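Numbering of ligands and ligand atoms starts at 1, following listing order. From a predicted model like this one, the values you see are computed outputs, not experimental measurements.
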Amino acid sequence: MRAARVERAYPAHMGLVPEIGRDGAVRVAARLPGDAAADPSTLRSHNLGIVMRMLRDRGTLSRKDIEHATGMVPASVTNLLADLSSRGLVRDLRAGSGETRGRGRPRVMVELVPDRCLALAVRIERTRVTGELHSSTGHLLDSSSRRVELGWGQPGDVAHAIAALVARAEGIAADHAGVLLAAVVTVPGPVGHDNRVADSADFGWGHLQLVDLIRAAGASRSLPIEVVNDANAAALAEYASLTLPRPDVMLYLEGGSGVGGGVIADGRILMGARGFGGELGHVTVDWRGRMCRCGSNGCLEAYIGPEGLLASARLTELAESIGRDAAMDEFRARLDRGEKRVVDVALRAGDILGAGVRSIYDVVNPSAIVLGGYLAGMRRWLEPGIQLQLAPRTERLAPLTIESGRLGRRAGLAGAARHGLLAFFDDPTMVPPVRREGASAEGA
Ligand SMILES: [Zn+2]
């Protein structure tokens, strides 16, 4: 019965198998990828990670909740929580008046210490760089911007601006007795695993080693710095905002200056072998079709990207005179007014989007699609086409839900911070124990 609960509460990738050893000690053995006989310290880190992720995803929990959801015995849970507490990562909440149940002892609730572990998320735009400092509980501690001059194809003073944001974040972390664990920079365009910005159509960058430049500008060598695609990061944040249980595989498509996207599998960005995965906007929907700015023909973006939609709605001239973003606002206003030509364009965009998603469905079998950017506001018109195109799959195999993103423009940086903290939630022992000066009292 317990095993069934474990399965339901935590999917197979959590790899949790409670067992009693020959010496009578109960251990929570973990099935680690490719390592059946993990050494005890690896096992311990793994179990600490499981408890931390539970507290991140579900908020305040009782020890009993943790025991039930993981199948661990009370002694194991106590032991793991003591370890996490010694690192300043979790704290007990003394049960308030309403928390006492019956005649039993008051329930002791446990939660993450809010501002202990932090990640800096950075967004680069043409004229400014914005840094947000997020805690492991998703709390936004600080937001700050620096003006930059981005010459076309040149990084300009971006690296210095980011190094300054890192220094600011380190100062704030110190003030909060927190640990800055990562800085994650989001850019529009594909980014490789080596942090190389391969090609940014928005900035004219190609093969730019941004992390080296940020370090050369003075950012500390010990801080992990990563560059990720902005839509991939947004996908992760939208995934995290979904109600539990979250889908094992989720697709995210975002309309902005182009069509970005991301695939989230088992709570992580699916980046592929070299890091360039998840470019859903460049799925081929017509191999002889319209030219896309990526150099291919018939990509999804060529039809449902802003230029594609405006061309189909015969608003290209308007875009040339008032600018693309203003023309997209006009597109949307006409859609809301029910202007037939624009409504037809939006409905057809749904069919095209559906055809693209059908191809992806056959490869990664998602159970949810989240639409972001201007696609979120068009969902009403897109959804019929998507469902129609997917019907041969969803009716025969498994359904797929379509939602609008909940976070809007906040998604990119929130997701970048979450991504930066994943390694910590895998192995919380990367935060060392807190030195306590003789006092035994727990912090409030
Ligand atoms: Zn393309």
Practice item. Using the ring of Phe203 (Phe, Tyr or Trp, six-membered ring only), decide whether Arg126 places NZ or CZ under 6.0 Å from its centre and within 45 degrees of its axis. Key: no
Exercise for review: Mark yes or no: Arg332 above the aromatic ring of Tyr374, with NZ or CZ under 6.0 Å from the six-membered ring centre and no more than 45 degrees from the axis.
Suggested key: no
Exercise for review: Would you list the protein N, O or S atoms within less than 2.8 Å of the Zn ion (ligand 1), leaving out water?
Suggested key: His282 ND1, Cys292 SG, Cys294 SG, Cys299 SG
Review point. Does the Asp230 side chain pair with the main chain of Gly412, one donor and one acceptor, at a distance under 3.5 Å?
Key: no
Exercise for review: Would you check if there is a donor-acceptor pair between the side chains of Ser296 and Arg290 at a distance under 3.5 Å?
Suggested key: no
Determine all donor-acceptor pairs shorter than 3.5 Å in which one atom belongs to a side chain in residues 174-187; sequence neighbours excluded.
from   : atom 1 : to     : atom 2 : distance (Å)
His176 : ND1    : Ile172 : O      : 3.0
Thr186 : OG1    : Val122 : O      : 3.1

Review point. Is a side-chain donor-acceptor pair under 3.5 Å present for Asp202 with Ser200?
Key: no
